[in-house]
Amino acid sequence: MKKVERINTIMRYINNRSQFTISEIMREFQISRSTAIRDIREIEALGMPLVAEVGRDGGYFVMHNTLLPGVRFTDNEVKALFIAFMATRNAQLPYLKSRQSLAEKLLGLISTNQQDDLVLLNQILLFEGTNPHNPDLLELSDLPHPMLEKLIQNLLTDSYLRITIEEAREMKSYPIYLLHLYHQKGVWLMEGFDLQEERKRLFPVDGLTDITLYQPKKRVSRKKIMETLSKQEEEINLVLDLGPKAIAQYKKYHPLKASVSYTNPYQTTAILKTFIPVDKPEELAEFTDWLLFLGEDIKVREAPKELLDRLEDRLNTLKEQLRESSL
């Protein structure tokens, strides 16, 4: 934590307490005694009126009319924060281990009645992936790949990275400009511009073995990268009209590339335009399954022959399976 950020955080911490000690500051922010004393002196210099109490149990307390207002949450804000925590508790998110201490600090800022409401919510609300017998249980499968936090930390410094990744049991290194980091179907993926091949590529975070900042002598600017990507835009080859039932299915799940534009103010009809790489069997199979998932409330305006053939094969297979099961 940078010094300015730490001091601001300490100011917020002590402003919401009637009294505190040097030891508490050291323990809470994991800093040495000399650093804690130096930070408190800087906070006093900024104008926060602190009064020191001498004695064995002495410490500091904040005089009335302090600079920073106390943090207060409305009932709805407290519930919104808590439910957001619950909903993402088992979602392989980065910094998952820090959530418990963060929740404890938030609980320390709210009233007893608000805390009672959260206990009740924790008992009655269950989300996908939560163990119903022990909602607070954090299983090993809930934890994200250990390289994810390191990746994010590097990104906060620079988007130009050199990644080492395991592919087909071989270690390969790529200089990339990271465009997006996203979570889809239980997997974290990096979308990056390969600075050597000058094209967009996807890399699974699970395959990462090392990440370093990439510092070539002459960098390709972000503007140049975006211009290159715009020239490489793939042509749309799938166009669908979606009705309300298909839109509901779309909201449950859709591939990253597939986005819709609503065609009426009530968002009950929409048009979907995207590109399907017919030369990639895995992606073609995924889109085939997804179109079946959307159901009958779709109208195909345009689609590649390979996709239509695959759909027909899938439907014939399903019919055959139903026929056999009825015999």
Side-chain angles (χ1 to χ4, degrees), residues 165-170 172 174 176-207 225-264 267-326:
I165 194 164
E166 186 175 356
E167 293 180 342
R169 298 184 179 180
E170 291 185 15
K172 297 184 179 180
Y174 301 93
I176 67 168
Y177 179 88
L178 197 91
L179 299 167
H180 297 103
L181 178 64
Y182 62 92
H183 190 254
Q184 180 174 286
K185 297 175 69 175
V187 178
W188 282 97
L189 298 170
M190 297 176 291
E191 183 182 50
F193 180 79
D194 190 318
L195 295 167
Q196 288 184 337
E197 298 187 8
E198 296 188 348
R199 65 184 180 93
K200 188 187 294 184
R201 297 190 59 174
L202 283 178
F203 301 95
V205 173
D206 284 356
I225 291 172
M226 294 300 113
E227 289 175 354
T228 303
L229 288 174
S230 65
K231 294 175 183 177
Q232 296 175 356
E233 281 296 320
E234 298 156 323
E235 295 182 1
I236 291 170
N237 62 359
L238 177 67
V239 182
L240 304 174
D241 287 324
L242 276 60
K245 292 181 180 179
I247 290 173
Q249 291 295 91
Y250 170 87
K251 288 180 178 179
K252 291 178 183 177
Y253 168 70
H254 60 271
L256 184 71
K257 294 180 180 179
S259 59
V260 299
S261 300
Y262 293 103
T263 53
N264 72 8
Q267 298 188 355
T268 56
T269 59
I271 185 170
L272 182 146
K273 298 180 180 180
T274 190
F275 172 79
I276 299 177
V278 295
D279 58 333
K280 297 181 179 179
E282 289 185 2
E283 291 194 40
L284 187 60
E286 180 183 354
F287 268 97
T288 302
D289 293 339
W290 181 63
L291 288 180
L292 291 171
F293 170 75
L294 289 181
E296 299 179 355
D297 199 15
I298 63 173
K299 180 181 178 182
V300 180
R301 288 196 192 183
E302 179 185 341
K305 183 178 181 301
E306 293 85 350
L307 177 65
L308 295 176
D309 290 343
R310 186 127 188 175
L311 273 172
E312 186 176 358
D313 290 341
R314 284 296 308 277
L315 290 172
N316 289 335
T317 301
L318 288 171
K319 288 179 182 178
E320 187 63 30
Q321 291 173 345
L322 288 171
R323 189 181 299 113
E324 290 176 357
S325 64
S326 62

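Owing to the predicted nature of the structure, the values given are computational and were not obtained by experimental measurement.
With a 4.5 Å cut-off on side-chain heavy atoms, Tyr174 and Met190 do not count as touching. Contact of the Ile225 side chain with the Leu195 side chain is registered, since non-hydrogen atoms from C-beta on lie closer than 4.5 Å. Using a 4.5 Å heavy-atom threshold, the side chains of Met226 and Leu179 count as touching. Taking the side chain as every heavy atom from C-beta outward, Val260 and Leu240 never approach each other to under 4.5 Å.
Partners of Ala303 by side chain to side chain contact (heavy atoms under 4.5 Å, CB included), not counting sequence neighbours, listed by chain and number: Leu238, Val300, Leu307, Leu308. Residues meeting the salt bridge (Lys or Arg N to Asp or Glu O under 4.0 Å) test with Asp309, sequence neighbours left out: Lys305. Shown here are the salt bridge (Lys or Arg N to Asp or Glu O under 4.0 Å) partners of Lys245, two or more places apart in sequence or in another chain: there are none. When the salt bridge (Lys or Arg N to Asp or Glu O under 4.0 Å) test is applied to Asp241, the partners found at least two apart in sequence or on another chain are Arg301. Residues satisfying the side chain to side chain contact (heavy atoms under 4.5 Å, CB included) criterion with Thr263, sequence neighbours excluded, are Thr269, Ile271. Remark: Glu166 pairs with no residue by the salt bridge (Lys or Arg N to Asp or Glu O under 4.0 Å) rule, at least two apart or across chains.
With hydrogens and angles ignored, the 3.5 Å screen pairs a side-chain donor or acceptor of Gln249 with a backbone N or O of Phe293.
The two residues Glu286 and Tyr253 come nearest to each other via the heavy atoms OE2-OH, 2.9 Å. Looking at every heavy atom in both residues, Arg310 comes nearest to Pro281 through NH1-O, 4.1 Å. The shortest heavy-atom contact between Ile298 and Ala246 is CG2-CB, 3.6 Å. When every heavy atom of Tyr182 is checked against every heavy atom of Glu191, the shortest pair comes out as CE2-CB, 4.1 Å.
To the nearest 0.5 Å, the span separating CD1 on Ile176 from NZ on Lys200 amounts to 13.0 Å. We find the CG-OG1 distance between Asn237 and Thr274 to be 7.5 Å, quoted to the nearest 0.5 Å. Atom-to-atom distance recorded for Arg323:CZ and Lys319:NZ is 8.5 Å, nearest 0.5 angstrom. Remark: Thr317 OG1 to Glu312 CD distance equals 10.5 Å, nearest 0.5 Å. Put simply, CZ on Phe203 and CG on Asp194 are 5.5 Å apart, with the number rounded to the nearest 0.5 Å. For the atom pair Thr228 OG1 and Tyr177 OH, the distance stands at 12.5 Å (nearest 0.5 Å).
Applying the 6.0 Å contact sphere to CD of Glu296 captures no more than 12 heavy atoms from other residues, nucleotides or ligands. Atom CD of Glu320 has more than 12 heavy atoms from other residues, nucleotides or ligands within 6.0 Å.
The aromatic rings of Tyr250 and His254 sit parallel, their planes meeting at an angle under 30°, below the 60° perpendicular limit.
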The test is side chain to side chain contact (heavy atoms under 4.5 Å, CB included); show your working for Leu292 and Leu315 and say whether it passes.
CA-CA 9 Å; Leu292 291 171; Leu315 290 172; 3.8 Å; yes
